[in-house]
Enquirer: 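Sharing a structure with you now.
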Amino acid sequence: MSDLELLERDIRAAIDGASDEAAIETVRVAALGKKGSVSDLLKGLGAMTPDERKVMGPALNGLRDRVSEALLARRATLKEAGLAARLASEAVDVTLPLRASPLEQGRIHPISQVIDEITAIFGDLGFAVAEGPDIETDDYNFTALNFPVGHPAREMHDTFFFNPDEQGERLLLRTHTSPVQMRTMQTQKPPIRIIAPGRTYRNDSDQTHTPMFHQVEGLVIDTSSHIGHLKWLLEEFCRAFFEVEKVEMRMRPSFFPFTEPSMEVDIRCKRVGNEVRFGEGDDWLEILGCGMVHPNVIRFAGLDPDVYQGFAFGMGIDRIAMLKYGMPDLRAFFDADQRWLNHYGFRPLDLPALVGGLSS
Ligand code: 2NL
């Protein structure tokens, strides 16, 4: 092997052995740099005879070009290998469940979650969400809803009243969300299908009552809706909300000023320790009140009770949230304790939807 061939073999071996950009550069400088081995040989061309140069010139230029090419090729190979390694090590498995990101650190309060669940269920059934003020007039909260003067709810010990104005009219904190329904009936033409979730207030405070609590009421007004529709609707709701195949419901006669007849609804359940299981067992759990809207209430809404009829229902959100998610103490709902919220709260991106069941 000639000296040139030996040199080329050594340089190629060095290039093949270079495992990163810096090593390649070292090889390049050693061969093609100012004082590199190939450069030195090229510099010697000037001192040669024309005959020697004729042979050595093309040989050395060829060597230089092949070394340059080999360096370029090695660079390209290393770059590709690096990319492949990064692709392999930084691969993202898009099928993995979401990890908690900083965005996810907040938690949705169980009451908000339950309101969203109820909204998803009734939204799917064609209901709109209606809202109204927390501060109401005596009229909207009581009179228009057929609460007679002298009804206990109109007493100071049940309702938070503001001081009366010059005309003697006193505002109050709404004791139920029913005023929202009345306002909707007055401003929208039937058919009406709404739910009204929101805060409500009563002068009550013990282990099972907080002065501020949450209700959702529903209202259907048209010309032909009857108790059969009401019963079906509530059954559909319970199945979707409690996520069971079958619920057994029973209706007991009751009394509410704004409905006639009025009923209370229980669902069959089984209590296992703190937990309540629905659709089995021998216990009954009261979950809501309902009835056909009283003709007086239809009339107060400016509608003709001989033409329009419908039903309404109401339930306490806090209690059914406790039942569904197994929280033992109502008062913890409103303590704003981070540890409680981290435990019982919901992830912000887990929006309830009916596809595949509410909480899946
Ligand atoms: C319960 C029972 C109920 C209603 C609420 C209602 C509203 C209007 C007209 C007729 Cl504007 N009814 N709401 C009807 C029956 C029962 O709530 O136990 N709530 C916690």
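Treat the numbers as computed from the prediction; the structure is a model and nothing was measured.
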Enquirer: With sequence neighbours excluded, give me every salt bridge (charged side-chain N to carboxylate O under 4.0 Å, His left out) pair touching residues 226-240.
Expert: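 Every salt bridge (charged side-chain N to carboxylate O under 4.0 Å, His left out) pair that includes a residue of residues 226-240, provided the two are not neighbours, is K231-E235, E236-R239.
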Enquirer: Determine whether a donor-acceptor pair (N or O, by modelled atom type, separation under 3.5 Å) exists between the side chain of E52 and the backbone of T49.
Expert: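 Such a contact is found between E52 side chain and T49 backbone.
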Enquirer: Short question: side chain of D335, backbone of D337 - any donor-acceptor pair under 3.5 Å?
Expert: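 Not confirmed, D335 side chain does not pair with D337 backbone.
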Enquirer: For the residue pair N296 and N146, confirm or rule out a side-chain donor-acceptor distance under 3.5 Å.
Expert: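 Their side chains do contain a donor-acceptor pair, which is all the 3.5 Å distance test asks for.
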Enquirer: Please identify each residue that fulfils side-chain hydrogen bond (donor to acceptor under 3.5 Å, both in side chains) with T259, with sequence neighbours left out.
Expert: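 side-chain hydrogen bond (donor to acceptor under 3.5 Å, both in side chains) check on T259 returns S262.
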Enquirer: Locate the shortest heavy-atom distance separating S68 from L32; write the atom from each residue and the value.
Expert: OG-CD1, 3.4 Å
Enquirer: Checking ring-ring contact (aromatic ring centres under 6.0 Å, His included) against Y325, which of F333, Y344, F346, W340 comes through?
Expert: F346
Enquirer: Tell me the salt bridge (charged side-chain N to carboxylate O under 4.0 Å, His left out) pairs involving residues 133-144, sequence neighbours left out?
Expert: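 Every salt bridge (charged side-chain N to carboxylate O under 4.0 Å, His left out) pair that includes a residue of residues 133-144, provided the two are not neighbours, is D134-R174, E136-R183, D138-R154.
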Enquirer: Is there a path of hydrophobic side-chain contacts, each under 4.5 Å between heavy atoms of I/L/V/M/F/W/Y residues, joining F334 to I115?
Expert: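 Yes, because I115 and F334 connect within a single hydrophobic cluster, where side-chain heavy atoms sit under 4.5 Å apart.
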Enquirer: Side chains of S178 and E217: donor-acceptor distance under 3.5 Å anywhere?
Expert: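 There is such a pair between these side chains.
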Enquirer: Just by distance, with hydrogens left out, do D318 and T210 show a side-chain donor and acceptor under 3.5 Å apart?
Expert: no
Enquirer: Check for a donor-acceptor pair, side chain of R28 on one end and backbone N or O of L71 on the other, with a separation under 3.5 Å.
Expert: no
Enquirer: Does the R268 side chain pair with the main chain of G281, one donor and one acceptor, at a distance under 3.5 Å?
Expert: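 Yes.
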Enquirer: Is the closest side-chain donor-acceptor distance between S225 and D222 under 3.5 Å?
Expert: yes
Enquirer: Does W284 share a hydrophobic cluster with F242, counting links as ILVMFWY side-chain heavy atoms below 4.5 Å and allowing steps through other members?
Expert: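 The answer is no; the residues belong to distinct hydrophobic clusters.
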